[in-house]
Amino acid sequence: MGHLLRYMRKRDIGLTVLCVLLVAGQVFLDLRMPDYTKEITLLISSESNVISDYFAAGGKMLACAFGSALLAVVVGYLAASIAADFSYDIRGRVFAKVSDFGAGEISRFSTASLITRTTNDITQIQMVVVMGLQVLIKAPIMAVWAIMKIIGKSWELSVLTASAVVIIVTVIGILMAVLIPKFKIVQKQVDDVNRVTRENLTGLKVVRAFNAEKYQEDKFEQANGSLMKTQLFTTRGMAFLFPVMMFVQSGLSLGIYWLGAWLIDDIAIPLDGTAAQIFTSIGARADLLGDVVAFNSYALYVVMSFVLLLMIFVMLPRAQVSADRINEVLHADIAVKEGTTEGTDLEEKGTIEFRNVSFRYPNAAENCLENISFKAEKGQTIAVIGATGSGKSTLVGLAARLYDATEGEVRIDGKDVREYSFHGLYHKLGYVTQKAVLFSDTIENNVAFGEAAEKVERRDVEHALDIAQGTEFVNRMEDGLDSKIAQSGSNLSGGQKQRLAIARAVARKPEILIFDDSFSALDYKTDKELRKRLSSDLQGTTCVIVAQRIGTIRHADKIIVLEDGKAVGIGTHEELMKNCSVYQEIALSQLSQAELA
């Protein structure tokens, strides 16, 4: 928790100090009421009292009670404001940090865990901040102040109160030692429930198609059942504390009155003494009775302080686990770090070069790519083909700097990609991922998504859709460009989603377009027309195409054939058909000799 508190705003730090002062005032008013209780007790035993004295003492008690309640409301309002600001800032920092994560960091934490850390974990901390500013501050102030009030009044009653405090602290310590490890398990199990739920919702069509509802229900039941058992254990442990506290509190009150009665009875009244001696003894008894009544109130305030702390102890262990998990995200080392070059004044434009590039995924036993070298000049079309798992997507991912090369250099416009700022690099690139990703927004906003070197206007969106062969189906939609796309594009077909993703890359007017198997859902006619428009409308734009179809790439200026992460052939279609057996095998599996000719 301490590491996160440094992110608190200066304004909220000032409000926190104000909360401390207000809580101190609230405690002062609370602890004044036993003094007035003693005053009323002494008035009862006095012969010279009048009704106005009772009203005066009672009025002061009411004023203290009202003032304490008013301060409690103000503190509660300030605490809620501070906690909301604090969680808002932390949630923003976590989101910004996760946005900087590369594929390696995402796989390390998992998507389900990152969602839980951004939502549930921050909510746990917000609740503790709210309660802490009201309770965690109040409890120690009240305990110390009440103890100072009772010190010196009666050592017997002080020992009794101290014994009750020792019992409470011992029980809390034992339970915390048992329960804190369980709270760490709870948050991991929340991740599991989130993961299973997310997988089921994402793959709902597959689940139904294979009649796997029962399998998914059993998987969820296992994760949910484990979470329930752990939460039951922790909740029962915490529930045990409340009756213990009530038992100690009631026992302490009973013990104070029993011991007080014994002490009062021990003060003898000399019936055969002088009037002064008799009244002195009666006064001593009345004074001790007032002390016992006040002592009981102060002692209960001491115990109440620990009851208040108990409320925090119920929440703090889980919140501490949540804080540790959030700190893991905020302090995670990002492998892909930003450079400083914007690349706007470079002589080369639209070139991509791989120089002896090798790449290995973290913790992998061997390289995924091995010693890849080639160069694409401005306006050329470079194609990458190979069997599944040969490293095609990884290759273009290095150009888009989703990862950094383990060995060698990837250069854009003659400059190592690691020297570019993200802003400068991604203004040069238009990247279409293997799986078309769309957002729940209008078609226009999806195509004009993000920042570009030049602002994307509506006419740019329309032109990009025309190139991507998306104009026809967009015009058929009721609101055209203003039509809403459902989450993940669930109201569109696979081919429609791919065309919108391609249009989004084209609309940026980049120097280099990268298509990572982005034509797979298109029919052959649409594929052909799209490639024709790319050639005619985007002359001077360098294209890198990952594809499985020979028909999609056969007219490329240079084709790179990958096998097990190695470039086994680089050349044109005609050259590879003569000297690359792997390419020949792929080509003949798709097209006949006549079609290839």
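With sequence neighbours excluded, no residue forms a ring pair (Phe, Tyr, Trp, His ring centres under 6.0 Å) with Tyr426. With sequence neighbours excluded, the residues forming a side-chain hydrogen bond (donor to acceptor under 3.5 Å, both in side chains) with Thr552 are Asp527, listed by chain and number. Residues that satisfy the salt bridge (Lys or Arg N to Asp or Glu O under 4.0 Å) test with Asp564, not counting sequence neighbours, are absent from this structure. Partners of Thr118 according to the side-chain hydrogen bond (donor to acceptor under 3.5 Å, both in side chains) rule, which considers only residues two or more places apart in sequence or in another chain, do not exist here.
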So Leu227 and Asp192, side chain to side chain contact (heavy atoms under 4.5 Å, CB included) or not? Walk me through it.
CA-CA 9 Å; Leu227 176 61; Asp192 290 338; over 6 Å; no
Given the rule in the side chain to side chain contact (heavy atoms under 4.5 Å, CB included) test, do Thr442 and Leu481 qualify, once you have shown the distances and angles that lead to the verdict?
CA-CA 7 Å; Thr442 64; Leu481 288 176; over 6 Å; no
Residues Tyr215, Phe210; criterion ring-ring contact (aromatic ring centres under 6.0 Å, His included); working and verdict:
CA-CA 10 Å; Tyr215 173 79; Phe210 286 87; over 10 Å; no
Run the salt bridge (charged side-chain N to carboxylate O under 4.0 Å, His left out) test on Glu370 and Lys566 for me, step by step, so that the C-alpha distance in whole Å, both residues' side-chain angles and the decisive distance to 0.1 Å come before the verdict.
CA-CA 5 Å; Glu370 188 74 41; Lys566 297 178 181 178; over 6 Å; no
Could you give me the CA-CA distance, side-chain angles and deciding distance for Lys219 and Glu199, then say whether salt bridge (charged side-chain N to carboxylate O under 4.0 Å, His left out) is met?
CA-CA 11 Å; Lys219 188 160 68 170; Glu199 286 177 352; 3.6 Å; yes
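Under the 3.5 Å distance criterion, with hydrogens and angles disregarded, a donor-acceptor pair is assigned to the side chains of Thr394 and Tyr361. When only modelled atom types and interatomic distance are considered, Thr116 and Asn194 share a side-chain donor-acceptor pair under 3.5 Å. For the residue pair Asn120/Thr123, the side-chain donor-acceptor check at 3.5 Å is not satisfied. Inspection of the Gln498 and Ser518 side chains reveals no N or O donor paired with an N or O acceptor under 3.5 Å.
A distance of 8.5 Å separates CD1 in Ile125 from CD in Gln320, rounded to the nearest 0.5 Å. Taking CD1 of Ile385 as the reference point, atom CD1 of Ile553 lies at 3.5 Å (rounded to 0.5 Å). Here CG of Leu369 is found 7.5 Å from OG of Ser358. Values are rounded to the nearest 0.5 Å.
Heavy-atom neighbours of Glu342 CD from other residues, nucleotides or ligands within 6.0 Å: above the threshold of 12. Around atom NZ of Lys435, no more than 12 heavy atoms belonging to other residues, nucleotides or ligands sit under 6.0 Å away. The neighbour count for Phe109 CZ, taken as heavy atoms of other residues, nucleotides or ligands under 6.0 Å away, is above 12. The environment of Arg458 atom CZ is dense: over 12 non-hydrogen atoms of other residues, nucleotides or ligands sit within 6.0 angstrom.
Sorted by first and then second residue, the side chain to side chain donor-acceptor pair (under 3.5 Å) pairs involving residues 81-104 (not counting sequence neighbours) are Arg9-Asp89, Arg11-Asp85, Ser87-Gln126.
With salt bridges taken as basic N to acidic carboxylate O contacts below 4.0 Å, one links Arg533 and Asp466. Here Asp416 does not pair with Arg411 in a salt bridge; the nearest charged N to carboxylate O distance is not below 4.0 Å.
Aromatic ring centres of Tyr431 and Phe515: separated by at least 6.0 Å.
In terms of heavy-atom proximity, Asp191 sits nearest to Ser113 at OD2-OG, 3.2 Å.
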Could you give the side-chain donor-acceptor pairs of residues 232-240 under 3.5 Å, partners two or more places apart or in another chain?
residue: Thr234; atom: OG1; partner: Thr230; partner atom: O; Å: 3.3
residue: Thr234; atom: OG1; partner: Gln231; partner atom: O; Å: 2.9
residue: Thr235; atom: OG1; partner: Gln231; partner atom: O; Å: 2.6

